[in-house]
Q: 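Sharing a structure with you now.
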Amino acid sequence: MLRVVFAALMLLFLPLSATAQDFQTLLQVHKDEIAKPSRRSVGPVLAELVASGHPALPAFLEAWQGKNVYQRLSDGLFFYIEDHGDTITLLDIETRNVSAQNVAAGTLDQIKPNGGVRRAIGEALVQFRLSAPDPAQRREALDAISRNLDPSQLGPLQASIADEPDAVLRLRKERLANYLIARFGDTSEARVAAIENLSDDLSVDGRAVLSQILRTRLTAAQNLPDDANVARILTPGDENLSRSAAYDMLVAQAGLPPIVTDQDVLKTIEANIDGGRSGGVALAAMTSWDMRYRTYDTLADQGLAPPRVTDLDAILANWTFAELYEETDTAVTTAATRIQESVATRVAFSQTVDIGLDAVSLASIYFLAAIGLAITFGVMGVINMAHGEFIMMGAYTGYVVQLFIPDYTLSLIVALPLSFAVTFAAGVAMERLVIRWLYHRPLETLLATFGISIALQQLAKNIFGTQARPLTSPGWLDGAWMINDVIQIAYIRIAIFVLAVLFLGLLLFVLKKTRLGLEVRAVTQNPRMASSMGINPDKINMLTFGLGSGIAGIAGVAIGLYAKVTSEMGSDYIVQSFMTVVVGGVGNVWGTLAGAGLIGVLQKWIEWLNPSNTLAAQTYMILFIILFIQFRPKGIVALKGRAAGD
Amino acid sequence: MTRPSDATPTSKPRSFIANNPSVLWFLLALALFTLGVTALSEATGSGVISTSFVKTLGKTLCLCLIAIAMDVVWGYCGILSLGHFAFFGIGGYAIGMWLMYARTQAIVVENLSASVIPPTPAELSDAIASQIFGVVGASEFPAIWAFSHSLVLQLAMVVLIPGLLALVFGWLAFRSRVTGVYLSILTQAMTLALALYLFQNDSGLRGNNGLSGLQNIPGFEQVPQAQISMAFFWASAVALGLGYVMFAWVLRGKFGNVIRAIRDDEARVRFLGYHVESYKLFIFTLTAIVAGIAGALYYPQAGIINPGEVAPIASIYLAVWVAIGGRGRLYGAVIGAALVSLLSSWFTGGGAPAINLGFYTIQWTDWWLVLLGFSFVAVTLFFPGGIGSLFDKLVRRSS
């Protein structure tokens with residue numbers, strides 16, 4: 001490794017002196033190792049080649065790695081070739097000038113280094129690629145370095161920073177150099193300074209550097225050496241080190257006799273069975289461990305088995321168990337610990353923000369899914385179990401539109417109003433044909449709409465099949481907005497949030513500023529009074545139902561964009577939508593918003609508390625909602641009037 | 001207090017049976033049906049009816065039992081519970097825990113008897129636990145299995161757990177005057193929460209796998225399934241008969257009138273001085289217990305129970321059966337449950353012949369739900385009394 005460092009330094013300071021040498025001659029010195037390289041022999045060869053600093057070297061290494069170098073069998077010289085099919089032209093290994101033409105393929109041997117060798121060549125190439133004119137190559141070189149931090153890379157990396165034209169790459173180089181200094185710097189001060197620089201670095205790489213510096217190993221010693229860099233002392237029996245694990249360490253380290261396991265006890269007893277008895281005890285009596293241990297001890301006394309270790313605690317008390325830093329410099333580990341803590345705080349803060357953003361985007365989905373339901377419920381006192389199927393219908397409309405319009409942006413622009421129109425029509429039809437006749441029987445409306453729901457769901461299954469259909473989002477919605485290394489939010493979620501805000505605004509406008517909204521609010525508050533004021537409640541009911549269903553269709557397109565479109569997608573959202581409406585309070589846009597917000601935040605929060613188990617999160621959330629209803633039976637924003645009704 | 005609508009206010013109180021002629025007719029029909037099936041079954045009769053169909057019929061009787069419970073809570077008391085299948089499932093799980101424990105214990109004891117050193121009780125229990133919970137990667141008994149070794153205690157659970165759950169849930173809900181569709185949604189949330197809980201692998205009830213092998217009754221391994229299924233068929237029939245009589249008895253007279261009045265106008269009954277919440281809580285809890293018993297009889301015949309059984313959709317179907325059969329009539333619920341569930345298994349089981357329309361062939365496995373959905377809408381719209389109301393017309397014509 002030292003040789004490589006040396007070589008790298010040589011390369012920096014003595015590039016001119018080496019050019020004088022003929023490259024072919026240089027290669028011939030190691031011709032056997034180059035022609036038949038092995039993982040072991042290639043290292044020194046590469047080091048010497050790099051040390052020569054020959055300008056033809058990078059190209060040669062590339063070709064060598066790419067199996068593009070050939071050796072002439074007659075004299076062992078290396079060439080590049082041009083293959084013209086039946087004839088081959090040999091090119092000089094240094095200048096790429098033509099050396100010979102019309103050479104037969106049989107006189108040449110292609111050099112094929114194996115995977116390990118190619119990787120070693122790649123590592124040697126990194127330093128050349130760091131200054132390569134092609135930014136893609138430079139980026140690759142940086143990737144290679146960050147994959148496997150090595151002290152030898154520091155020199156070339158630092159040398160390449162000054163000439164780096166690309167600002168982004170330059171920043172990355174500086175960051176990587178900082179990582180390398182933090183881990184492998186020469187002086188304690190330099191390393192501490194580099195570690196301090198990591199305090200605002202939340203990236204996985206940066207955090208990995210810190211944890212690499214703070215890597216510990218578990219040690220058992222009767223007396224810890226004075227200069228040991230102790231991370232913490234462990235007591236056998238606590239959660240980090242069980243007593244048996246501690247003892248096993250001593251067994252391995254100090255050659256103490258191993259613990260006799262329960263399994264060993266049984267084996268020994270079985271091995272010494274004599275006529276239904278073992279150690280003088282009848283087998284049938286050995287239904288307790290007490291008896292089994294006693295039998296084993298008898299056998300051990302007879303010398304048939306090693307004695308059990310019974311004074312475990314006394315032995316363990318003689319030893320100190322500690323986690324020692326592999327890094328011996330206390331100044332470095334102290335700084336790293338401090339910075340690690342501050343980074344952890346920042347990461348935790350960012351994660352909170354991230355979860356908050358997730359919750360907002362979840363809330364916007366719930367809002368979109370539930371607002372239509374809330375409107376119909378509020379205005380008509382009718383709960384529409386087929387609402388989920390309207391969501392599905394909207395999503396399938398989007399899917400069908402994409403079949404006809406291949407451009408995703410255009411198809412989305414067409415699909416949004418079209419799905420509104422389709423579900424608006426379906427909603428109006430349902431209101432006219434079914435719900436109108438059941439106005440005074442809300443529970444039966446619930447069941448009748450459920451009948452429609454199962455019929456629609458099965459119809460969708462019959463038409464579109466059971467497999468999920470894709471609703472592809474346009475390219476500009478792919479990807480995510482990275483705020484820092486922890487906080488990121490997918491554009492599609494932002495789009496759904498924007499859509500939800502748009503609909504919130506639109507609904508508020510319609511309800512508060514238009515004639516229709518005025519009439520809707522009048523019917524919501526008192527239908528008979530509204531009707532005597534010349535409002536036709538029948539028409540209002542129909543339009544409201546259409547509006548609610550239409551919004552469900554739009555929600556379907558939005559949901560379909562980030563989840564798959566299936567015939568069952570409606571039932572996935574219907575219960576959540578009910579919860580949103582019930583928690584928020586019916587018939588009020590703000591209530592639904594509050595309900596969606598509460599449920600979204602709550603769900604993400606519970607998921608964060610118990611990330612491994614999303615089912616448990618949902619269970620707890622529903623339990624919470626059941627309890628919540630106890631205290632606010634009419635939801636967060638309670639209405640007066642018909643919806644508040646009975 | 002005299003009732004103006006009563007045609008014979010001065011007559012002396014008539015007997016329970018005379019007031020409820022339907023009970024007698026129902027018991028007669030049930031007895032005839034049970035005897036008929038017994039005479040035609042493989043185990044005890046001519047063998048026209050296969051054992052699997054006996055099981056289907058036995059399961060249908062259990063569904064009829066939960067349907068009359070649903071009818072009482074919805075058709076008589078006006079509480080549209082969309083969560084009664086949760087109680088049904090709990091009953092099934094409670095009995096399933098014993099069935100599974102006892103059977104696994106028998107197998108494990110059998111296996112371990114070959115070992116040289118006899119196992120300790122702890123080892124035995126560990127072996128049973130890892131046999132049962134191996135599929136969810138656990139090897140210890142969760143706390144809720146504490147009583148699973150005892151049939152008596154688990155049978156008590158069949159009644160107690162649904163009863164307690166319904167009591168607590170109902171008390172919370174009725175106390176805060178949650179009514180109408182809100183209550184429906186809340187009960188749906190309850191069964192969804194239960195289903196989601198059961199779906200978890202660490203719920204202690206084998207998660208998604210559910211409990212299986214329930215058709216094997218410990219201690220009766222040598223008895224052929226044909227006879228076991230007959231026994232369960234009879235038990236289901238007896239339970240249905242008893243349940244029917246019990247509900248008819250509970251709903252008779254003044255108590256029944258209060259219950260019906262709560263359905264028709266809850267506020268008015270409250271103003272008359274009745275403690276509406278207690279009446280509703282009693283009905284809700286009683287029907288939950290009956291649902292639990294029905295579940296405990298159903299799942300040994302089904303052989304397997306998994307969390308999907310308590311998903312909200314099942315409870316909604318229950319409401320559909322009752323609505324089609326006719327609410328407010330106990331026999332209506334029985335007819336609805338039997339008819340729809342048997343038709344459903346006939347159609348989805350591929351029993352119904354496909355209809356060729358020339359341009360398209362209607363496969364009933366695909367179209368049955370569409371038919372059911374729309375016919376349900378039609379029943380709600382045009383036929384709110386359900387099938388049961390036909391009998392009213394019959395009775396009225398004959399009198």
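Since the model is a prediction, treat every value here as computed from it, not as a measurement. Numbers restart at 1 for each chain; the letters A, B, ... are given by sequence-line order, proteins then strands.
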Q: In this structure, are over 12 heavy atoms from other groups packed under 6.0 Å from B:E140 atom CD?
A: no
Q: What residue, out of A:E270, A:R292, A:K461, has the most heavy-atom pairs lying under 4.5 Å from chain B?
A: A:R292
Q: When rounded to the nearest 0.5 angstrom, what is the spacing between CG in B:L381 and CG in A:L433?
A: 9.0 Å
Q: Parallel, tilted or perpendicular, judged at 30° and 60°: which one describes the rings of A:F377 and B:Y182?
A: tilted
Q: Give me the atom names and distance for the closest heavy-atom approach of A:G451 to B:F376.
A: CA-CD2, 3.8 Å
Q: Out of curiosity, B:S184 OG to A:L447 CG, how far, rounded to the nearest 0.5 Å?
A: 8.0 Å
Q: Given the rule in the side chain to side chain contact (heavy atoms under 4.5 Å, CB included) test, do A:L627 and B:L172 qualify, once you have shown the distances and angles that lead to the verdict?
A: CA-CA 8 Å; A:L627 284 177; B:L172 284 171; 4.2 Å; yes
Q: From A:F578 CZ over to B:L186 CG, what is the distance, rounded to the nearest 0.5 angstrom?
A: 12.5 Å
Q: Look at B:A195, B:P119, B:A319 and state which one has the largest set of heavy-atom pairs under 4.5 Å with chain A.
A: B:P119
Q: Should we count CH2 of A:W289 as having more than 12 external heavy atoms under 6.0 Å?
A: yes
Q: Side-chain donor-acceptor pairs under 3.5 Å in residues 321-329 of chain B, sequence neighbours left out?
A:
residue: B:R327; atom: NH1; partner: A:E444; partner atom: OE2; Å: 3.2
residue: B:R327; atom: NH2; partner: A:E444; partner atom: OE2; Å: 3.1
residue: B:R329; atom: NE; partner: B:D392; partner atom: OD2; Å: 3.2
residue: B:R329; atom: NH1; partner: B:R327; partner atom: O; Å: 3.1
residue: B:R329; atom: NH2; partner: B:D392; partner atom: OD2; Å: 2.8

Q: Heavy-atom cut-off 4.5 Å, strictly under: side chain, backbone, both or neither for A:L446 against chain B?
A: side chain
Q: Looking at A:I452, A:V434, A:I269, which one has more heavy-atom pairs under 4.5 Å with chain B than the rest?
A: A:V434
Q: Surrounding CD of A:Q263 (heavy atoms of other residues, nucleotides or ligands, distance under 6.0 Å), is the total greater than 12?
A: no
Q: Looking at B:W367, B:F199, B:Y197, which makes the most heavy-atom pairs under 4.5 Å with chain A?
A: B:W367
Q: Identify which of B:I313, B:L369, B:L194, B:V379 forms the greatest number of heavy-atom pairs closer than 4.5 Å to chain A.
A: B:L369
Q: Nearest heavy-atom pair of B:G373 and A:A455: which atoms, and what distance?
A: CA-CB, 4.2 Å
Q: Under 6.0 Å from the CZ atom of B:R268, do we count more than 12 heavy atoms belonging to anything else shown?
A: no
Q: Can you establish whether the number of heavy atoms outside A:Y620 located under 6.0 Å from its atom OH is more than 12?
A: no
Q: Take a 6.0 Å sphere around CG of A:D290 and say whether it holds more than 12 heavy atoms from other residues, nucleotides or ligands.
A: no
Q: Can you tell me which portion of A:L456 sits under 4.5 Å from chain B's heavy atoms? Options are side chain, backbone, both or neither.
A: neither
Q: With rounding to the nearest 0.5 Å, note down the distance linking CE in A:M621 to CG in B:L192.
A: 8.5 Å
Q: Please identify, among B:E266, B:E123, B:M190, the residue contributing the most non-hydrogen atom pairs under 4.5 Å to chain A.
A: B:E123
Q: Checking B:S375 now: which residues fulfil side-chain contact (heavy atoms from CB on, under 4.5 Å) with it, not counting sequence neighbours?
A: none
Q: Look only at the side chain of A:Q458 and the backbone of B:D366, and say whether a donor-acceptor pair between them is shorter than 3.5 Å.
A: yes
Q: Would you check, one step at a time, whether the test side chain to side chain contact (heavy atoms under 4.5 Å, CB included) holds for A:I454 with B:L372?
A: CA-CA 8 Å; A:I454 54 173; B:L372 177 69; 4.1 Å; yes
Q: Give, as side chain, backbone, both or neither, the part of B:L82 having an atom under 4.5 angstrom from any heavy atom of chain A.
A: side chain
Q: Counting only heavy atoms closer than 4.5 Å, note whether A:L438 contacts chain B via side chain, backbone, both or neither.
A: side chain
Q: Relative to chain B, which of A:I622, A:N462, A:L623 shows the most heavy atom pairs under 4.5 Å?
A: A:N462
Q: Check whether A:I383 gets within reach of chain B through its side chain, its backbone, both or neither, counting any heavy atom under 4.5 Å.
A: side chain
Q: Counting C-beta onward and ignoring hydrogens, is there a side-chain heavy-atom pair between A:M385 and B:Q188 closer than 4.5 Å?
A: yes
Q: With rounding to the nearest 0.5 angstrom, report the OG to CD1 distance, A:S577 to B:I185.
A: 10.0 Å
